[in-house]
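Okay, structure first, notes after.
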Amino acid sequence: MLVEYTLKTPRADFINITPQVREAVAKSGVTEGIAVIYCPHTTAGITMNENADPDVVRDLLFGLNKAFSDRAEFRHAEGNSAAHLKASCVGSSATVIIDGGRLLLGTWQGIYFCEFDPPRSRKFYVKVM
Ligand code: ZN
């Protein structure tokens, strides 16, 4: 089963999409399998990290901005090479095991859509099998 979701992203952010992924798994009826969460964009990504303290994703974004700042040496005419670098760093998908009909996430783990080049209309997919 494949489910498409859309997002409006007014600012650079890590958006917790764990509820949507749980919903897709529940709709699928799959109790033992995997969920692939996939982002079809080149300046956004998918990652998994802590969902308890919101300062963690704030610090991730801060660190990525420090590591991949805009540079005069970039040639890409769109002017968003730093966003492309961040997207490649976090990757475009995550895979989570489904066990007993539930996502096998750690206590502190959440699934995030990572926006690096706002504002945008985005989509992501959840494939449950
Ligand atoms: Zn670009």
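Basis for what follows: all heavy atoms, side chains included, without hydrogens, waters or symmetry-related copies. Numbering starts at 1 and runs along the sequence shown. Indexing begins at 1, ligand by ligand and atom by atom, following the structure's order.
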- [ ] For the residue pair Phe113 and Phe124, categorise the inter-ring angle as parallel (less than 30°), tilted (30 to 60°) or perpendicular (more than 60°).
- [x] tilted
TODO: Fit a plane to each ring of Tyr125 and Tyr38, take the angle between them on a 0 to 90° scale, and name the class: parallel (under 30°), tilted (30 to 60°) or perpendicular (over 60°).
DONE: parallel
Open item on the list: Checking the side chain of Asp53 only, and the main-chain atoms of Asp55 only, is there a donor and an acceptor separated by less than 3.5 Å?
Closed with: yes
Task: Metal environment of the Zn ion (ligand 1), protein N/O/S under 2.8 Å - done: His76 NE2, Glu78 OE1, Asn80 OD1, His84 NE2
- [ ] Kindly write out the residues that satisfy side-chain contact (heavy atoms from CB on, under 4.5 Å) with Glu32, not counting sequence neighbours, or none if the list is empty.
- [x] Asp99
Task: Candidate pair Val57 and Glu50, rule side-chain contact (heavy atoms from CB on, under 4.5 Å), full reasoning - done: CA-CA 7 Å; Val57 290; Glu50 177 167 333; over 6 Å; no
Open item on the list: Can you confirm whether the side chains of Asn51 and Asn16 place a donor and an acceptor under 3.5 Å from each other?
Closed with: no
